[in-house]
Amino acid sequence: MTGTTEQELTDQVVASFDTAKDERFREVMQALVRHAHAFVRETRLTEAEWGAAIEFLTASGHITTDTRQEFVLLSDVLGISMLTVAVNEPGLGESTESTVLGPFFVQDSPEIELGGDIAGGAKGEPSWVDGTVTDTDGNPVPGARIEVWEADDDGMYDVQYDDGALAGRAHLFADSEGGYRFWALTPTPYPIPDDGPVGLLLQHAGRSPMRASHLHFKVTAPGFHSLITHIFVAGDPGLDSDSVFGVKESLIRPFDRHRAGTPTPDSRRLEGSWTSAGFDIVLRKK
């Protein structure tokens, strides 16, 4: 095909969406066609390569389940998830910055009381996490719902096990002054699931599947924008090479380690060491 004929084909496909009644649908699909066609022209994509891409996407669909979302992983490792976050949550310096949701969020996690433990039997070093939820003017947001989830000491989320038990995740509600506190596990680095198509992609690229140590948060309250974020562990060697590009400087927090026998904030008796971290959360009003 000549360059002119290639462009004519693109123009025809773009025009085929002119009749779409939904304006936003039309805008998105026409932009998708223009950029996808430009990619094919720029790389001079072969039919064999396009066939391999179809096989990759098909394999991603086959490995996806209710508890494993390979397409979320693909979006994450290509940086599309974080770019979407950047477009929608530009980070104006007033509210807590957002980052990726990841593939392991679960609706209807167990509820714990303030000061409760999200571990639920998951293995790891105990960690005390506390902070306040406020608006951008510094006013407390009482009753804010705080969802938290994380991997265990073996780098596995509960949904990656076959027993169906929920562990390392829970939700709680901020008190009348916006305060919250709970026991979790000290975050440790772990690999994203790399036994599928996305793992093969990373292997071909010579990239590590490792994520920097982190604890997930999803915070919601009436009248406020939902916040999806993490806290990352200061000093973690993977902060500069997170496989999904999720690290933001403002989300890095020290997890101070305390020796066995050091009194805990709630007088909990612990046999070994434990850590503590503070994380104040600022929500934007709608």
Side-chain angles (χ1 to χ4, degrees), residues 1-91 97-105 189-212 214 228 230 237-249:
M1 297 178 69
T2 66
T4 302
T5 304
E6 290 171 3
Q7 186 58 55
E8 287 176 348
L9 174 61
T10 299
D11 292 342
Q12 289 175 5
V13 180
V14 169
S16 73
F17 288 95
D18 285 344
T19 55
K21 295 180 180 179
D22 187 295
E23 182 177 349
R24 178 60 175 167
F25 173 80
R26 180 172 64 251
E27 177 187 10
V28 170
M29 291 306 301
Q30 289 182 330
L32 174 63
V33 169
R34 285 194 297 269
H35 287 281
H37 282 222
F39 167 78
V40 173
R41 286 195 295 271
E42 176 186 341
T43 61
R44 307 314 299 172
L45 196 69
T46 68
E47 293 183 31
E49 289 166 341
W50 181 235
I54 295 296
E55 290 178 3
F56 176 89
L57 294 174
T58 301
S60 297
H62 286 163
I63 203 171
T64 295
T65 67
D66 291 341
T67 57
R68 174 175 179 155
Q69 236 302 350
E70 195 76 2
F71 288 103
V72 171
L73 287 178
L74 178 60
S75 173
D76 288 349
V77 302
L78 294 180
I80 297 173
S81 297
M82 278 304 296
L83 182 58
T84 304
V85 168
V87 167
N88 290 276
E89 303 288 343
E97 289 194 281
S98 301
T99 187
V100 294
L101 176 66
F104 296 119
F105 174 72
Y190 67 87
I192 63 172
D194 60 352
D195 58 341
V198 171
L200 200 58
L201 182 152
L202 293 178
Q203 183 180 348
H204 278 296
R207 285 174 51 186
S208 169
M210 296 301 294
R211 288 226 58 198
H214 62 276
I228 294 170
H230 302 356
L239 291 174
D240 294 328
S241 57
D242 184 54
S243 60
V244 306
F245 312 98
V247 178
K248 293 185 176 181
E249 189 72 27

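Reckoned from all heavy atoms, side chains included, excluding hydrogens, waters and symmetry mates.
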Contact summary for Leu201 and Phe56, nearest pair of heavy atoms: CD1-CZ, 3.9 Å
Approximate separation, where rounding is to 0.5 Å, of Leu74 CG and Thr64 OG1: 10.0 Å
Pairs meeting criterion side-chain hydrogen bond (donor to acceptor under 3.5 Å, both in side chains) with involvement of residues 25-34, two or more places apart: Asp18-Gln30, Arg24-Glu27
From CA spacing to verdict: side-chain contact (heavy atoms from CB on, under 4.5 Å), Glu6, Leu9: CA-CA 5 Å; Glu6 290 171 3; Leu9 174 61; 5.8 Å; no
Where at least one partner belongs to residues 77-86, residue pairs that pass salt bridge (Lys or Arg N to Asp or Glu O under 4.0 Å), sequence neighbours excluded: none
Which residues share a ring pair (Phe, Tyr, Trp, His ring centres under 6.0 Å) with Phe105, sequence neighbours left out: Trp149
Heavy-atom closest pair, residues Phe104 and Pro193: CZ-CG, 3.6 Å
Sequence-distant partners of Arg68, salt bridge (charged side-chain N to carboxylate O under 4.0 Å, His left out), two or more places apart: Glu70, Asp195
Pairwise side-chain hydrogen bond (donor to acceptor under 3.5 Å, both in side chains) hits with a residue in residues 46-56, at least two apart: Thr46-Glu49
Minimum heavy-atom distance between Phe245 and Val77, given as atom pair plus value: CE1-O, 3.2 Å
Contacts of type side chain to side chain contact (heavy atoms under 4.5 Å, CB included), residue Pro209, not counting sequence neighbours: Pro191, Ile192, Asp194, Leu202
Closest non-hydrogen atom pair, Ser241 against Pro237: OG-O, 4.4 Å
Test side-chain hydrogen bond (donor to acceptor under 3.5 Å, both in side chains) applied to Ser243 - qualifying residues, sequence neighbours left out: none
Pair Lys248-Val85, side-chain contact (heavy atoms from CB on, under 4.5 Å): steps then yes or no: CA-CA 12 Å; Lys248 293 185 176 181; Val85 168; 4.1 Å; yes
Test side chain to side chain contact (heavy atoms under 4.5 Å, CB included) applied to Ser16 - qualifying residues, sequence neighbours left out: Val13
Salt bridge (Lys or Arg N to Asp or Glu O under 4.0 Å) pairs, two or more places apart, involving residues 202-211: Arg211-Asp242
CD-CD distance between Glu249 and Glu97, expressed to the nearest 0.5 angstrom: 10.0 Å
Side chain to side chain contact (heavy atoms under 4.5 Å, CB included) against Thr67, all qualifying residues, sequence neighbours excluded: Thr65, Val159
Asp22 atom CG, over 12 foreign heavy atoms within 6.0 Å: yes
Minimal non-hydrogen separation, Gly196 against Ile63, with atom names: CA-CD1, 3.8 Å
Partner set under side chain to side chain contact (heavy atoms under 4.5 Å, CB included) for Thr99, not counting sequence neighbours: Met82, Thr229, His230, Leu251
Listed partners of Ser60 passing side-chain hydrogen bond (donor to acceptor under 3.5 Å, both in side chains), at least two apart: none
For the student: nearest non-hydrogen atoms of Gly102 and Val72, plus distance: C-CG1, 3.9 Å
